[in-house]
Amino acid sequence: MAASVAYLAPDGALLESFQGHAPEGAEIKWVDSSQSIEQQAADLEGVAAVIVSPSVYPVELARLTPSVRLVQTTSAGTDMIDKQTLGELGIRVANNGGGNAISVAEHTITLLVSVYRKMQLQYNTVQAGEWAGSIRQDWFSQAHEIAGKTVGIIGLGRIGSRVARRLQGWECEIIYSDVIPVDPELEAELGATRMSMDELLQTADIITLHVPLGRSTTKLISDREFDLMKPSAVLINACRGPVVDEAALIRAMEAKKIMAAGLDVLEEEPTSPDNPLFQYDNVLITPHLASFTQESGERSRAFAMYNTAKVAGGEDPESIVLPD
């Protein structure tokens with residue numbers, strides 16, 4: 001097979017890794033995304049499928065690459081790609097097929113545990129030479145066990161279902177809300193009960209978000225939703241920052257509408273050092289690295305190579321993401 005698969009990126013550092021996952025006979029070439037659009041288009045001539053990193057494929061480039069039938073990301077999110085316009089040009093978009101699902105699920109639970117047990121505060125006081133400091137007096141009322149809590153999962157897809165599966169050993173009650181019907185067998189396997197989102201927000205002790213970013217999920221959690229939550233609720237977001245209305249979250253923290261939040265993502269990244277969320281000891285923020293593991297990267301690159309090679313060979317791709 002000719003090199004009808006391309007890796008579009010500012011450098012070709014991962015090209016060897018992709019080639020290592022290529023099926024027999026498949027080839028992949030690197031196209032430098034830092035070059036002009038015209039040069040990129042010339043280099044993509046005859047290419048059927050493109051792996052993009054970061055997850056962008058400009059419309060102006062798409063208009064110049066009529067041979068391209070698939071844009072493949074190595075991330076779960078495709079919100080930086082104009083899927084509607086690309087679709088009109090005959091180009092489909094696929095994500096990583098759940099390659100990062102295990103890593104993000106583990107990070108979600110790490111956030112959950114860390115928020116409940118104030119891990120960052122404990123670490124900081126020990127590092128400052130204060131041992132426990134005033135934690136016992138100041139934070140005892142907000143230190144909790146996960147066992148026995150009701151965890152509400154918004155989005156029971158590849159990541160959400162893995163969060164649910166990993167929480168089974170934590171003796172939690174699992175409830176979920178999802179616009180896409182979930183197989184009853186999976187529900188039974190996970191011990192998960194479906195609810196409307198409003199019911200979930202009113203019921204859950206812990207609310208964790210696992211939805212793609214699109215028009216219907218931007219600011220999915222805002223003032224109205226915070227008003228429905230328990231004052232003792234914890235919000236976890238390891239999907240996309242704009243799913244949570246950050247200004248509303250700040251208002252909720254200020255008014256003590258919820259107890260705490262654990263965030264791997266924010267509306268603006270990197271965020272400003274002046275972000276008001278940094279003033280709250282009950283908000284734990286990590287720098288959008290939930291999927292940052294060796295295993296996640298390998299799985300995502302392997303799937304990307306597999307999927308693009310299918311298209312180059314005349315087959316239909318998997319894990320297509322439709323416009324919102």
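The structure displayed is predicted, hence computed values, not measured ones.
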When hydrophobic residues are tied together by side-chain contacts of less than 4.5 Å, even through go-betweens, does V68 share a cluster with L70? no
Less than 4.0 angstrom from a charged side-chain N to a carboxylate O is my criterion; do R165 and E189 meet it? yes
Can any side-chain N or O of K149 pair as donor or acceptor with the backbone N or O of E145 at less than 3.5 Å? yes
Backbone N/O of I146 and side chain of E171: donor-acceptor pair under 3.5 Å: no
State whether the number of non-hydrogen atoms from other residues, nucleotides or ligands found under 6.0 Å of E254 atom CD is greater than 12. no
Are any of the side-chain nitrogens in D245 or R224 under 4.0 Å away from the carboxylate oxygens of its partner? no
Crowded around E16 CD? As in, over 12 foreign heavy atoms under 6.0 Å? no
Drop me the distance from S17's OG to M305's CE, to the nearest 0.5 angstrom. 11.0 Å
Any side-chain heavy atom of M259 sitting closer than 4.5 Å to one from D205? no
Examine I250 and M229 and state if one hydrophobic cluster contains both, with Ile, Leu, Val, Met, Phe, Trp and Tyr joined whenever side-chain heavy atoms are less than 4.5 Å apart. yes
Check: N307 side chain, P317 main-chain N or O, donor-acceptor pair, under 3.5 Å: no
Assess whether atom CD of E269 is packed by more than 12 heavy atoms of other residues, nucleotides or ligands within 6.0 Å. yes
Working to the nearest 0.5 Å, report the span between CG of D281 and CG of D138. 9.0 Å
When you group the ILVMFWY residues by side-chain heavy-atom contacts below 4.5 Å and let the links chain together, are L209 and L156 in the same group? no
Looking at CD of E173 and OG1 of T193, how far apart are the two atoms once the value is rounded to the nearest 0.5 Å? 6.0 Å
Ignoring hydrogens and angles, tell me if any N or O in the side chain of K83 forms a donor-acceptor pair with the backbone of L322 under 3.5 Å. no
Checking L277 against L266 for the side chain to side chain contact (heavy atoms under 4.5 Å, CB included) test, could you report, in this order, the C-alpha distance in whole Å, the side-chain angles of both residues, the deciding distance, and whether it holds? CA-CA 10 Å; L277 289 172; L266 295 171; 3.9 Å; yes
I'd like to know if the side chain of S222 reaches the main chain of A248, judged simply by a donor and an acceptor atom lying under 3.5 Å from each other, with no hydrogens or angles considered. no
Do T293 and E106 come within less than 4.5 Å of each other through their side chains, counting heavy atoms only? no
Verify same cluster id: V151, V113 (apolar side-chain graph, 4.5 Å): yes
Please round to the nearest 0.5 Å and tell me the distance separating atom CE of M195 and atom CD1 of I175. 4.5 Å
Residues in side-chain hydrogen bond (donor to acceptor under 3.5 Å, both in side chains) with Q39, at least two apart? D43
Side-chain contact test, heavy atoms from C-beta onward, threshold under 4.5 Å: evaluate it for L213 versus V243 and give yes or no. yes
For the pair N237 (side chain) and R240 (backbone), establish whether a donor and an acceptor sit closer than 3.5 Å, ignoring hydrogens and angles. yes
Quick one about S196 and E199 (side-chain donor to acceptor, distance below 3.5 Å, no hydrogens or angles considered), yes or no? yes
Evaluate the criterion side chain to side chain contact (heavy atoms under 4.5 Å, CB included) for residue pair T125 and W131; output intermediate values, then yes/no. CA-CA 6 Å; T125 55; W131 195 233; over 6 Å; no
Is it the case that the side chain of Q72 and the backbone of N95 share a donor-acceptor pair, with hydrogens and angles ignored and the cut-off at 3.5 Å? yes
Between E267 and K219, does at least one N-O distance fall below 4.0 Å, as a salt bridge requires? yes
Test Y57 against every option in D82, T73, T65 by the side-chain hydrogen bond (donor to acceptor under 3.5 Å, both in side chains) rule and name the one that passes. T65
Donor-acceptor pair, distance only, cut-off 3.5 Å: does the side chain of Q122 make one with the backbone of R117? yes
Using distance alone, with no hydrogens and no angle criterion, decide if S75 and N96 have a side-chain donor and acceptor under 3.5 Å apart. no
Determine whether S319 and R158 make a side-chain contact, defined as any pair of heavy atoms from C-beta on separated by less than 4.5 Å. yes
Quick one, I258 and L249 - any side-chain contact, counting heavy atoms below 4.5 Å? yes
Using ring pair (Phe, Tyr, Trp, His ring centres under 6.0 Å) as the criterion, list what pairs up with F18, not counting sequence neighbours. Y7
Is there a side-chain contact between P212 and V321 in this structure, where contact means two heavy atoms from C-beta onward sitting under 4.5 Å apart? no
Spatial distance of atom CH2 (W30) from atom CD (Q19) [nearest 0.5 Å]: 15.5 Å
Heavy atoms, side chains only, cut-off 4.5 Å: are L44 and L61 in contact? yes
Is there a donor-acceptor pair under 3.5 Å between the side chain of Q40 and the backbone N or O of Q35? yes
Point-to-point distance, once rounded to the nearest 0.5 Å, from CG of L64 to CD of E45: 11.5 Å
Flag yes if more than 12 heavy atoms outside F292 fall under 6.0 Å of its CZ atom; otherwise flag no. no
K118 side chain vs N282 backbone, donor-acceptor pair below 3.5 Å: no
Begin from the C-alpha positions of S216 and D324 and carry the test side chain to side chain donor-acceptor pair (under 3.5 Å) through to its verdict. CA-CA 7 Å; S216 62; D324 184 22; 3.3 Å; yes
Donor on one side chain, acceptor on other, T108 and T208, under 3.5 Å: no
Decide whether L235 and F278 are clustered together by the hydrophobic rule: side chain heavy atoms of Ile, Leu, Val, Met, Phe, Trp, Tyr closer than 4.5 Å, transitively. yes
Would R194 and E187 pass as an ion pair if we require N to O under 4.0 Å? no
Write down the atom of K230, the atom of A204, and the distance for their closest heavy-atom approach. CD-O, 3.8 Å
Student check: side-chain heavy atoms of I154 and Y176 closer than 4.5 Å: no
